[in-house]
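All remarks here apply to the structure that follows.
Each ligand, and each atom within it, is numbered from 1 in the order the structure gives. Along the sequence shown, the residues carry numbers beginning at 1. Atom set for the values below is all heavy atoms of this structure, side chains included, hydrogens, waters and symmetry mates excluded.
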Amino acid sequence: MHQKFEFEYEQLADSSRLTKEDQELLEAARNATKNAYAPYSNFLVGAAARLSNEQVVIGANQESASFPVGVCAERALLNSVGSQFPSLSIHTMAISYQPVGKDSNEPISPCGMCRQSLLDFENRYGAPIKIILSGMTGSVMIIPAASNLLPFGFDGSILK
Ligand code: THU
């Protein structure tokens with residue numbers, strides 16, 4: 001039997017079409033690229049999460065001289081939220097980037113490891129995380145839940 005996995009997302013021409021709240025969150029993510037430590041890739045990534053109490057927390061990629069030790073902006077942010085605000089869920093995360101000396105006018109989407117961490121977070125709190133993706137300018141993608149980005153993801157239920 002053939003099966004199909006598909007999901008719906010929104011594509012906007014630019015950030016002015018977002019709600020005011022989501023515009024603010026995307027601005028926080030764009031601004032968070034300034035906190036990236038990325039001397040090896042020169043690829044600065046910023047992320048911002050709006051928590052269930054409306055508080056906004058930011059993260060940025062932190063690279064290491066031992067390359068695999070570096071951490072993406074998304075996981076830096078998730079680990080920070082989980083550590084500082086363990087009782088709060090994330091309802092929206094915005095992600096942006098600025099490659100040094102290059103354009104940033106189309107969305108990038110999270111790496112596989114970050115998709116797993118996002119899914120872990122969704123499962124931990126039983127609440128979808130809406131994901132907003134955009135460069136420093138240009139079009140915006142709105143993905144309703146992190147689980148959309150990781151079909152057949154491992155949720156650990158078999159470990160119980
Ligand atoms: N990076 C992120 O922080 N998030 C992503 O979604 C993609 C990649 C970082 C990892 C590394 O520091 C740099 O960008 C280049 O891969």
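Residue Glu74 approaches ligand 1 through these ligand atoms, each under 4.0 Å from one of its heavy atoms: 2 (C), 3 (O), 4 (N), 5 (C), 6 (O). Those atoms of ligand 1 with a heavy atom of Cys72 less than 4.0 angstrom away are 1 (N), 2 (C), 3 (O), 4 (N), 10 (C). Per-residue contacts place Pro110 under 4.0 angstrom from the following atoms of ligand 1 (heavy atoms of the residue considered): 6 (O). Within ligand 1, counting atoms from 1 as listed, the ones closer than 4.0 Å to a heavy atom of Glu63 are 11 (C), 12 (O), 13 (C). Contact atoms of ligand 1 toward Ser41: 13 (C), 15 (C) (distance under 4.0 Å to a heavy atom of the residue). Close approach of ligand 1 to Asn61 (heavy-atom distance below 4.0 Å) involves ligand atoms 3 (O), 9 (C), 11 (C), 12 (O), 13 (C), 14 (O).
Side-chain contact between Asn31 and Glu27 is absent, with no heavy atoms from C-beta onward closer than 4.5 Å. In this structure, Met136 and Ser96 have side chains that are in contact, with non-hydrogen atoms separated by less than 4.5 Å.
Distances between N or O atoms of Ala73 and those of ligand 1 include at least one value under 3.5 Å.
For atom 16 (O) of ligand 1, no protein heavy-atom neighbour is present inside the 4.0 Å cut-off.
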Sequence neighbours excluded and cut-off under 3.5 Å, please list the side-chain donor-acceptor pairs for residues 35-48, or say none.
residue, atom, partner, partner atom, Å
Ser41, OG, Phe43, N, 3.1
Ser41, OG, Glu63, OE2, 2.5

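Residues passing the ring pair (Phe, Tyr, Trp, His ring centres under 6.0 Å) test with Phe85: none are found, sequence neighbours excluded.
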Checking side-chain contact (heavy atoms from CB on, under 4.5 Å) for the pair Ser104/Arg30: CA distance, chi angles, key distance, verdict?
-> CA-CA 10 Å; Ser104 165; Arg30 287 172 170 167; over 6 Å; no
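In this structure a side-chain-to-backbone donor-acceptor pair under 3.5 Å is present from Asn79 to Arg75.
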